[in-house]
Amino acid sequence: MASPEALETLRRVFGYDAFRPGQAEIIEHVAGGGDALVLMPTGGGKSLCYQIPALVRKGTGVVISPLIALMQDQVDALRALGVQAGFLNSTQDLDERRVVEAQFLAGELDLLYLAPERLRVPATIDLLDRGAVSLFAIDEAHCVSQWGHDFRPDYLMLSGLHERWPDVPRIALTATATEETRAEIASRLNLDGARHFVASFDRPNIQYRIEPKTDAKRQLLRLLQNEHLGDAGIVYCLSRNSVEKHAAFLTENGIEALPYHAGLDARTRAANQSRFLREDGLVIVATIAFGMGIDKPDVRFVAHLDLPKSVEGYYQETGRAGRDGLPSTAWLAYGLQDVVNLRKMIDAGEGDAAHRRRQSLHLDAMLALCETVDCRRVRLLDYFGQAGEPCGNCDTCLTPPETWDGTVPAQKVLSTVVRLDRERRQKFGAGHIIDILLGKKNAKVIQFDHDELKVFGIGTELRDTEWRAVVRQLLAQGLLTVEPNYGALVLTETSTDVLRGEREVLMRREPERVAAKTAKDRKAPVDLPAEAEPVFERLRAWRGATAKAQGVPAYVIFHDATLREIATALPSSLAELAKVGGVGENKLAKYGDQVLETLADG
Ligand code: ADP
Ligand code: ZN
């Protein structure tokens, strides 16, 4: 149960009616001085869990966040709500910092955002000592974990907060943690005595879809044109080169897309990120360096053109879609070559054998997700230790794939590998193996006399793409692996069971594409009754102009979800407008009249 004070703050400041699941309990606990470890999916509503206690308690809530580039936006969004917020990080000059420090010391700040490396500086510790800290919030807490996918050394220093300020409550928050990561976070942050709050990780509004990569560009374009025209979205690629290529390709095809990767200079990167946040309906094509902590609520799709390295990473990245709770798509195209590349990268990568082993396990779990014939969501939740029911909103639920007995084709591939093994210093990849099975007399086949192998031409019952699926699934099932030095395909310990006929190999048959089924009813960025659509568009135009004039992202003014509610409820007075979710005291005072005028204009 939330205290009247917390509920009053939720309504007055944030303009929301009720707490989301989990929020009230966490807020009570932390407001009462307790430590907390909070696991909630992206979009679950973590920020309120420390913002409201910070508003309710005396002093300033100090938020540790690695997302320097976003602090300005976070602070702007809070100020738009009438919350006194500031930040300290390396992007500021001395004068700017002094102002914020003075505000903090004068007790004028409700919230102070700090980059973790600030705590390395003794002057920061001294500053915090001289002011009044109401709580420490450690955002993106998984960054403290070396087992996870996003380790930041500066986070290790956060273990000292407790000794230094034993009476200040700490709340660590993350959207991604398996059991192992959670235990590691608790121990590294000295949060073993803290209460753990684990919300459901499910993101029911996200539709998960994974399909084999045939022609990535065309597949992507089809997705965007059929289902997400005019929507904001993120496209993830593994390499800078691929980012550039795909951004250009989309733009040539009439979909405005901006690149984002570490090879761009800092200014271009910041400018592209800022445009993506501020403008409606832009697509950003990025390496995974993009997007952590992006709280743009109306990202309608996240597309992966390469296989992510772990389920945790995948879930974190796809979680950036649909934070506003409206229908969104998480789409991934993956192919044989992805598996080969990632296996090679892991083997050639840094770190000791244990580290490589961990990475390899991460990849196995990701592959298992790709090749599953079960509900994707059930698989994902299971990975995070939670139970789920088949969801009806993922590709395997919408168009269930069939399984087929692939033992014989598997044996054919494996015996070809055995025969090529004698020449393992040659890079005989999947393509060559498939050419042999199909009996193609191409230059390479002739050069190595592979048309004389017993397996030559024994696989004409399947097409090239089907053979690729077979090889991909053998890799996914660990029945085939990649030789680290030359990248050739080689047998594993379990391959012989298949060759001897002691093990059956079940495979997934790709169903017809699911897009066709869902495209029709998902054209509008937010589902609206037809008569509300022009009103929504008018409100959106007003919002765009207002945001531009103020130099803030559009969602800082109002979220899509709020505009949508206004467009359907058509309030005719300030009192009625105040009832709409997301319209708090400050925004009502600031924008209320303009919204009513915009409605009256219609
Ligand atoms: P997270 O940090 O967990 O990803 P946020 O704190 O950014 O999530 O919240 C996600 C979205 O949900 C935001 O748009 C936020 O304003 C909204 N939200 C959070 N709590 C509530 C609530 N109790 N009622 C309505 N909307 C909420
Ligand atoms: Zn499902």
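Remember, it's 1-based here, ligands and their atoms both numbered in the order they're listed.
Atoms of ligand 1 found under 4.0 Å from any heavy atom of Gly43, numbered from 1 in the order shown, are 1 (P), 3 (O), 4 (O), 8 (O), 10 (C). Short contacts between ligand 1 and Thr42, defined as distances under 4.0 Å to a heavy atom of the residue, involve ligand atoms 4 (O).
Protein nitrogen, oxygen and sulfur atoms, that is N, O or S, within less than 2.8 Å of the Zn ion (ligand 2) amount to 4.
Two residues are said to be in side-chain contact when any heavy atoms from C-beta on lie closer than 4.5 Å; Leu307 and Met366 meet this criterion.
For Phe301, the ring-ring contact (aromatic ring centres under 6.0 Å, His included) test picks out His228, with sequence neighbours left out. Not a single ring-ring contact (aromatic ring centres under 6.0 Å, His included) links Phe19 to another residue, sequence neighbours left out. Under the ring-ring contact (aromatic ring centres under 6.0 Å, His included) criterion, Phe136 pairs with Trp165, sequence neighbours left out.
The shortest N/O to N/O separation between Pro297 and ligand 1 does not fall below 3.5 Å.
Atom 11 (C) of ligand 1 has its closest protein heavy atom at Arg323 O, 3.8 Å. The protein heavy atom nearest to atom 6 (O) of ligand 1 is Ser47 OG, 2.5 Å. Given atom 17 (C) of ligand 1, the protein heavy atom at minimum distance is Arg20 NH2, 3.6 Å. The protein heavy-atom contact nearest to atom 9 (O) of ligand 1 is Gly45 CA, 3.5 Å. For atom 20 (N) of ligand 1, the nearest non-hydrogen atom of the protein is Gln23 NE2, 3.0 Å. At the top of the distance list for atom 24 (N) of ligand 1, counting protein heavy atoms only, stands Tyr16 CG, 3.4 Å.
Partner of Trp331 under the side-chain hydrogen bond (donor to acceptor under 3.5 Å, both in side chains) criterion, out of His304, Gln207, Glu211: Glu211 alone. For the pairing with Thr562, the side-chain contact (heavy atoms from CB on, under 4.5 Å) check across Asp324, Val595, Val583 returns one residue only, Val583.
The CD atom of Gln74 lies 8.5 Å from the CD atom of Gln51; values are rounded to the nearest 0.5 Å. With values rounded to the nearest 0.5 angstrom, Asn272 atom CG is found 4.5 Å from Leu258 atom CG.
Taking a 4.0 Å cut-off on heavy atoms, Pro41 registers as neighbouring ligand 1. The shell of residues lying under 4.0 angstrom from ligand 1, judged by heavy atoms, excludes Asp324. The closest approach between any non-hydrogen atom of Gly44 and ligand 1 is below 4.0 Å. Within the structure, the closest approach of Ala18 to ligand 1 falls below 4.0 Å when heavy atoms are considered.
Contact annotation for His559 and ligand 1: only side-chain heavy atoms (C-beta onward) come within less than 4.0 Å of the ligand. Within the 4.0 Å heavy-atom criterion, the part of Phe19 lying near ligand 1 is the backbone and not the side chain.
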Evaluation steps, side chain to side chain contact (heavy atoms under 4.5 Å, CB included), between Arg320 and Ile234: CA-CA 9 Å; Arg320 290 168 192 151; Ile234 308 176; 4.2 Å; yes
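Of the charged side-chain nitrogens involved, none lies within less than 4.0 Å of a carboxylate oxygen, so that Arg323 and Asp298 do not count as a salt-bridged pair.
Taking the six-membered ring where the residue is Trp, Trp542 and Phe558 present tilted rings, their angle falling between 30° and 60°.
For the 3.5 Å distance criterion, the side chains of Thr91 and Asn89 qualify, holding a donor opposite an acceptor.
The distance between the ring centers of Phe276 and Phe290 falls below 6.0 angstrom.
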